[in-house]
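Notes to accompany the following structure.
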Amino acid sequence: MSEIISPKSTEAAANGSGAATNVSSSSTVRAVNTSASAATLVSLTNAAGTVLGTATLTQSESVLIHKNQTDKVFAGAATVLFSAVDIRG
């Protein structure tokens with residue numbers, strides 16, 4: 001069964017560590033790789049910028065990232081878009 005999400009913000013790119021964002025202080029973030037040809041690394045950091053973990057999004061893949069409200073995310077390419085979401089049901 002797939003999850004139902006309610007968007008809480010508009011999608012935005014966060015390309016590179018200098019563009020890391022807490023995505024409206026959301027604890028659940030949807031990340032989607034809009035590239036049909038390239039996989040891209042997504043990173044999760046704490047508020048101080050220390051990398052907590054990374055994951056590779058394959059072409060056209062989307063995932064939900066659960067994080068602390070102050071944690072930040074960024075990607076290795078502008079083709080990855082992030083948005084704050086609530087999970088329903």
Is a side-chain donor or acceptor of Ser9 paired with a backbone partner of Ala84 at a separation under 3.5 angstrom?
yes

Check: Ile4 and Ile87 side chains under 4.5 Å, non-hydrogen atoms
no

Are any of the side-chain heavy atoms of Ile65 and Thr28 separated by less than 4.5 Å?
no

Less than 4.5 Å apart, any side-chain heavy atom of Asp71 and any of Thr45?
no

Between Leu64 and Val29, does the side-chain contact (heavy atoms from CB on, under 4.5 Å) criterion hold? Intermediate values first, please.
CA-CA 6 Å; Leu64 295 176; Val29 174; over 6 Å; no

So which atom in Ser6 and which in Arg88 form the shortest heavy-atom distance, rounded to 0.1 Å?
OG-NE, 3.1 Å

Counting C-beta onward and ignoring hydrogens, is there a side-chain heavy-atom pair between Leu44 and Lys72 closer than 4.5 Å?
no

Tell me whether Asn46 contacts the main-chain N or O of Gly49 through its side chain, where contact means a donor paired with an acceptor under 3.5 Å.
yes

To the nearest 0.5 Å, what is the distance between CG (Leu41) and OG1 (Thr54)?
5.0 Å

Side-chain heavy-atom pair Val32, Phe82 within 4.5 angstrom cut-off
no

Within the side chain of Asn33, is there an N or O that forms a donor-acceptor pair under 3.5 Å with the backbone of Thr58?
yes

Going by an N to O cut-off under 4.0 Å, is there a salt bridge joining Glu11 and Arg30?
yes

Within-4.5 Å side-chain heavy-atom neighbours: Asn22 and Thr70
no

Tell me, do Leu81 and Thr34 make a side-chain contact under 4.5 Å, heavy atoms counted?
yes

Do Lys67 side-chain atoms and Ser26 backbone N/O form a donor-acceptor pair below 3.5 Å?
yes

Can you name the nearest heavy-atom pair linking Gly76 to Thr40, along with the distance?
N-CG2, 3.6 Å

Identify the heavy atoms of Val85 and Pro7 that sit nearest to each other, and give their distance.
CG1-CA, 4.2 Å

Atom OG in Ser25, atom NZ in Lys8: separation rounded to 0.5 Å?
9.0 Å

Minimum-distance pair of heavy atoms, taken over all atoms of Ser83 and Val23:
C-CG1, 3.6 Å

